[in-house]
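Reading through the structure tokens given below for one structure.
Everything quoted here is computed from the prediction, not taken from an experiment. Both backbone and side-chain heavy atoms feed into the values below; hydrogens, waters and symmetry mates do not.
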Amino acid sequence: MLRIAIADDHTLFRKSLHLLIGTFDQMTVVLEASSGIELLKKLDAISTDILLLDLQMPEMDGFETCIKVKQLYPEIKILILTQLDEVETIKKAMTMGVQGYFTKNTPPNELENAILKMHDNGFYFEKDLTSIITEIHKNPSFKFDPGKEIIFTARELEIIELTAIGLKAKEIAEKLFISTKTVNAHKQNIQQKYGFETMMSAILYSIHHQIITLKDLDKNR
């Protein structure tokens, strides 16, 4: 059972979200907070797997809250819930190591898929991933470098490419004729071995350094 926390200063939206998630299988809301400060106080006492975090909150906004949660509770995966869908905002969220980005204009039934996909893949971004990567690739000021040159193995590159096009671990396993457990082990190893906070960072690094190209991604679709 996935334990979900919700941090949003709009009471009606927060309560409605709580009720919606209550209809999802394998998920339960364990805490609500109306600000980053309240959230941090509650996280100290309540174990949480996934945090649904609003960016626009009083006292401590979502960006500052994200930084503190990452420092204190690195095991918690963060899905940003916001009305802001500008590419610049998404880029900033990516550099902070969030695992997902979901705009409030998206149909409610897509939220369950977003949470499950983020839990399985390690990330979820509502907008088409290729278009986001294209925008980031055009702007060299946004770098996702772990501070050293990386040479991925052939298998690691396959995992990165197939993750980038949105395949779940089970789908990657079927495509590569390996187990789901092995796929997840590869993902974890890529992050730990090379110092990436998320698989998204590994994907962006690979695009920036032309280790893989957008044509490679299109080829694997």
Side-chain angles (χ1 to χ4, degrees), residues 1-5 20-30 47-53 69-70 73-81 93-94 97-102 106-107 109-133 144 146 150-207 211-221:
M1 184 73 70
L2 290 176
R3 297 163 296 186
I4 311 294
L20 175 64
I21 293 172
T23 67
F24 298 162
D25 292 333
Q26 302 177 354
M27 299 180 204
T28 182
V29 175
V30 293
S47 296
T48 302
D49 299 307
I50 293 175
L51 168 62
L52 307 185
L53 178 64
V69 170
K70 284 292 181 183
Y73 310 99
E75 72 281 1
I76 295 178
K77 294 180 180 178
I78 299 176
L79 176 63
I80 297 295
L81 291 176
M94 285 181 178
V98 304
Q99 284 82 12
Y101 195 97
F102 192 89
T106 305
N109 59 358
E110 180 62 21
L111 180 60
E112 182 177 15
N113 177 56
I115 294 173
L116 291 174
K117 200 163 188 178
M118 187 179 75
H119 180 67
D120 183 72
N121 272 0
F123 72 89
Y124 173 87
F125 281 83
E126 172 204 324
K127 282 193 171 183
D128 178 70
L129 184 59
T130 302
S131 65
I132 295 174
I133 291 176
F144 294 81
I150 290 174
I151 301 177
F152 295 108
T153 66
R155 178 63 85 193
E156 288 169 345
L157 282 176
E158 287 178 321
I159 298 293
I160 291 171
E161 289 180 10
L162 294 175
T163 300
I165 63 174
L167 294 188
K168 295 181 179 180
K170 183 179 179 181
E171 294 169 328
I172 294 174
E174 292 172 353
K175 196 173 184 69
L176 299 181
F177 303 103
I178 57 179
S179 69
T180 301
K181 184 177 179 179
T182 299
V183 172
N184 289 327
H186 276 301
K187 290 182 179 182
Q188 185 175 10
N189 186 58
I190 288 169
Q191 292 176 229
Q192 294 178 347
K193 180 178 175 182
Y194 303 115
F196 294 115
E197 283 195 47
T198 65
M199 280 299 294
M200 174 61 76
S201 296
I203 293 167
L204 293 172
Y205 175 91
S206 301
I207 294 293
I211 298 170
I212 60 176
T213 67
L214 298 180
K215 287 184 178 180
D216 292 330
L217 301 184
D218 289 336
K219 177 183 65 178
N220 282 306
R221 288 184 184 279

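By the neighbour-count criterion of 12 heavy atoms within 6.0 Å, atom CG of Asn109 is densely surrounded, having more than that number from other residues, nucleotides or ligands. In the displayed structure, Glu174 atom CD is contacted under 6.0 Å by more than 12 heavy atoms of other residues, nucleotides or ligands.
One N or O on the side chain of Lys77 and one on the backbone of His119 form a donor-acceptor pair closer than 3.5 Å. The backbone N or O of Lys168 sits less than 3.5 Å from a side-chain atom of Glu171, completing a donor-acceptor pair.
Not a single side-chain hydrogen bond (donor to acceptor under 3.5 Å, both in side chains) links Asn189 to another residue, sequence neighbours left out. Phe24 pairs by the ring pair (Phe, Tyr, Trp, His ring centres under 6.0 Å) definition with nothing, not counting sequence neighbours.
Using a 4.5 Å cut-off on side-chain heavy atoms (C-beta onward), Glu158 and His186 make no contact. Between Leu162 and Leu176 the shortest side-chain heavy-atom distance falls below 4.5 Å.
To the nearest 0.5 Å, the span separating CD1 on Ile172 from OG1 on Thr163 amounts to 3.5 Å.
Note on ring orientation: taking the six-membered ring where Trp is involved, the planes of Tyr205 and Phe152 are perpendicular (angle over 60°, cut-offs 30° and 60°).
Among all heavy-atom pairs drawn from Val183 and Ala169, the shortest one is CG2-O, 3.8 Å. The heavy-atom pair separating Gln26 from Met1 by the smallest distance is C-SD, 3.2 Å. Closest of all the heavy-atom pairs between Asn113 and Glu110 is ND2-OE2, 2.8 Å. A pairwise comparison of heavy atoms in Ala173 and Ser179 identifies CB-C, 3.6 Å as the closest pair. Nearest heavy atoms, Ile50 versus Thr48: O-CG2, 3.4 Å. Across Gln99 and Ile76, no two heavy atoms sit closer than the pair OE1-O, 4.2 Å.
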Would you please test Leu52 and Val29 for side chain to side chain contact (heavy atoms under 4.5 Å, CB included) and show each step? CA-CA 10 Å; Leu52 307 185; Val29 175; over 6 Å; no
Between Ile78 and Lys70, is a side chain to side chain contact (heavy atoms under 4.5 Å, CB included) present by the stated rule, with each step listed? CA-CA 9 Å; Ile78 299 176; Lys70 284 292 181 183; 4.0 Å; yes
Show, in sequence, the C-alpha distance, side-chain angles and deciding distance for Glu156 and Tyr194, and conclude whether the side chain to side chain contact (heavy atoms under 4.5 Å, CB included) test is met. CA-CA 11 Å; Glu156 288 169 345; Tyr194 303 115; 2.7 Å; yes
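Put simply, the residue from Ile160, Ile178, Ile190 that forms a side chain to side chain contact (heavy atoms under 4.5 Å, CB included) with Arg155 is Ile178. The only member of Asp49, Ile115, Leu79 that meets side chain to side chain contact (heavy atoms under 4.5 Å, CB included) when paired with Ile4 is Ile115.
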